Structure formats: C-alpha cells, structure tokens
Protein chains: 2
Amino acid sequence: MRRSSEDTKASILAAARERFAADGYDRTTIRAVAADAAIDPAMVMRYFGNKEKLFAAAADFDLQLPDLEGVPGDRIGATLAAHFVERWEADEALMVLLRTAVTNEEVAGRMRAIFAGQLGPMAATLSGDPATAARRAGLVATQMLGVALCRYVLRLPPVVEMTREEIAAWLGPTLQRYLLGSPQ
Amino acid sequence: MRRSSEDTKASILAAARERFAADGYDRTTIRAVAADAAIDPAMVMRYFGNKEKLFAAAADFDLQLPDLEGVPGDRIGATLAAHFVERWEADEALMVLLRTAVTNEEVAGRMRAIFAGQLGPMAATLSGDPATAARRAGLVATQMLGVALCRYVLRLPPVVEMTREEIAAWLGPTLQRYLLGSPQ
DNA sequence: CTTGTTGGTCAACAACTGTTGGCATAACTA
DNA sequence: TAGTTATGCCAACAGTTGTTGACCAACAAG
C-alpha cells in the first residue's frame, strides 16, 4: 500500500511545526523538515507551494480564551494565568509564532492581530470601559508573553522551575489588577 | 587624510548594532553591515574576525540597575519599572540580544547570565530572603522582558502608545509585589 | 495490456552566504 | 627618494538555500 497524500502532508506539517517551534523561521530549512518527515524536499514544495505557505500552515493559532462566566470575580486573573500556561504547553503553534515574530514583521503583525482581536474584546467585556480596554489587554499581553518568553524560549531557570500553580498564584493578582483595577 | 582604523572599526560596529537590533543575527549579513558602513565586506572580517565575534562586540550589554538606596520603600517597583524602560530606549544592545536570543541558544545563555547575575542579587538584597530571591527575580524578568517584547519588538499598539510614566505607574505595584510581597 | 493518475525521487539551477588571498594605494619613515 | 606599512578593494571559493523540471514506480480503469 502506498501512503495517502493526506498522511504525508500531515507528517510534513508535524515536522515543520517542530522545526519552526524549535529554530524559528530562518534557521528552519525545507531540507531539514523533509528529512524529519522522511521524504524528499521536493514533496514539501509540491504540497505547500513554498516556505512561506508552509509556515502559514504550521502557525495556525488560536488563544482559545476560556469562558469566564461563573468564575468568581476575584479569581479571574488566576484562572486566566493558568489557562495561558496550559495553552502554551498544549500547542507548539505559539512557539512557532513567537520565535518568528521577533524577526519577521509580517508574523509580528499576525501576533498583533491575535492579541488585539482576542484579548481586546475580553478586556472590554470585563472592565466595562471601552476607553481603557485596549490598554488593559496590552498590559495582560506584556505579562503573559513575558512568561512565555522567559519560560519556554529563554528558559530562565527560576521561571522554568515554577509549577503552573505557582505561576497562576503569582500572576493572578497582576492580571486581575490590569483587567479590573487601577494603576495604584 | 586616510580614515583611521579606529574610526572604521567604530562605524562598522555602529552599523552592526543597528542591523542586529533591527533584523536579528540570521537576517543580518556581513555584506549589509559593510554597505551601511560604506566599506568592503572584507574589512569587517579583518577587523572582527568573523560574524560571531562581530555580534559579540555589538551585543555588549549591562542592565545598569539603579542604586535603590534612599528610594521610599513603596516606590521601589515604580522606580525600577521606569529605569528599565529608560534603559531599553537608551541602548540598542538590549534589542540586539533579545532579537537573537530567541533563536540562538548561546545568546539565550548570555541573557540568562545577565538576569541571574544582576537581577538575582538585587532581589536577594531587597527581599532579605535568599530562598525566594531567584524566583522573585525571575518574576520581575517575565514582566520587564514582556514589556520589551510587546513595546519594541512586536509593537502592540496599546503598549507602544503608553508613556513611560504610565508604564511605571501600572507596573510599579507589580514589581513591588514580586520583589517584596506574597502571591496573594 | 495499455493508459492515466498519483505519490515519490533525483539532479541540478541560481542566488546568497561567510570567508579568504591577492593586489592596489596612500601615508609614514629612514 | 626608496621602502615599509596600514588601510582598503576586488574577485573568487565553497557551502547552503529555496526552488524546479525531468524522470520513476505503483496502482486503478479501460
């Protein structure tokens, strides 16, 4: 039996996700992806057109923000923090995006769209104040992307060693204040 | 008069810093740096040996943490936040490091050393508790590197639009709690 | 058996990269 | 003035990359 085209396409995509997540866009080569998928580089081109399109297919990402209805008002920050950490660790797509957005303006734009489109509305709903919602969402982004950067990319030891629960406990009040509180 | 070798070396270094800060390590080419410095690529090699050494020379960085003696106990976080933002904006070296550390394990190690060596001791002094100092320093790193990432690299609009004072006001209490407070 | 389609390989291209060695030229020194 | 040295340019190398087109082999339909 010959492999179906869908199977190879999927295995290429899996290999691409790993490579992009580990090495970023520039350091990932079509040849390396093909080798990981045990296939000829030309197949990658045939199935995905070019490197950019392969990346686009590998970097499909959704924050999947949780439904916060029913969460006690003072637990929103901690719930959100826990969700983010879980989300980062469940899916390589975020690492793919983060590692690439740093040196690729187009991908940075995609990142901006994700956070503006998904975190912004949530902040607006929670705070009830459309005027400051974008800023509140931005503050949340700084803290959560900072954790992703330090924990998964730079691997700062103290940040790596914390458990999800500890992170949620420490960051909960921070997000809480950014979303619902005031500077002081 | 011929240019002195020091002048050329300095102009190469300036061009390299800009390129590395804007594009990261991989996308920066010796040829582009040379063109910016209006000089032949071979000169870059003669003066700096190879690309890695050029990078090392361009990425020399010190957090220059301020002396917090005399700062009112409840203003430590805000003072620190303001200092960081000022520091990022005064020197391209941080962007050079950040843009590269994301896809280069060696540079990531350098980043770890900077934060462990400079932020760790400060946290130990402030909190007076050596057991939790590293973790506190790590938390501060997540928030401040997160700001650097969102403001200067990803350029999330709400984060870019905030003034230094607003950032200091919002992040002050966060850093304050990470350094001196408890999770809850 | 032939024919067309599908999944796959191979070899090569053109462009770009870091890097090197030889050659020119201006300036200083004896 | 002659020689030496510092400064610089040019052309080329070897390796890697994305990408392409020609070719091969298995399977299904006629």
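Just so we're on the same page: letters track the sequence lines, and every chain starts at 1. The figures that follow rest on heavy atoms only: side chains count, while hydrogens, waters and symmetry mates do not. Quantities reported herein were computed from a predicted structural model and do not represent experimental measurements.
At D/dT7, none of the side-chain N or O atoms of B/Thr8 fall inside 4.0 Å of OP1 or OP2 (strictly under the cut-off). Residue A/Thr29 has no polar side-chain atom (N or O) positioned under 4.0 Å from OP1 or OP2 of D/dT16.
Within the structure, salt bridge (charged side-chain N to carboxylate O under 4.0 Å, His left out) pairs that include any residue of residues 145-161 of chain B comprise B/Glu89-B/Arg151 (at least two apart or interchain).
Remark: P of C/dT17 and CZ of B/Arg19 are 11 Å apart, rounded to the nearest angstrom. Spacing between atom CD of B/Glu6 and atom C1' of D/dA6 amounts to 13 Å, rounded to whole angstrom units. Atom P of nucleotide C/dT6 and atom NZ of A/Lys9 are separated by 14 Å, given to the nearest angstrom. Rounded to whole Å, atom C1' of D/dG18 lies 14 Å from atom CZ of B/Arg27. Rounded to an integer number of Å, the gap from CZ of A/Arg31 to C1' of D/dT16 is 7 Å. Going from atom CG of A/Asp7 over to atom C1' of C/dG8 covers 14 Å, rounded to whole Å. Atoms CD1 (B/Ile30) and P (D/dA14) sit 20 Å apart, rounded to a whole Å.
A salt bridge links B/Arg27 with A/Asp26: at least one charged nitrogen is closer than 4.0 Å to a carboxylate oxygen.
Put simply, the side chain of B/Ile114 does not reach to within 4.5 Å of the side chain of B/Met111, judged on heavy atoms.
When only modelled atom types and interatomic distance are considered, A/Ser182 and A/Arg177 share no side-chain donor-acceptor pair under 3.5 Å.
Of the residues in residues 36-50 of chain A, those placing a heavy atom less than 4.0 Å from an atom of DNA chain C are A/Ile39, A/Asp40, A/Ala42, A/Met43, A/Arg46, A/Tyr47, in numerical order.
Listed for the A/Gln176 side chain is a donor-acceptor partner under 3.5 Å among the backbone atoms of A/Gly73.
Using a 30° and 60° split on the angle between ring planes, A/Phe20 and A/Tyr25 fall in the parallel class, below 30°.
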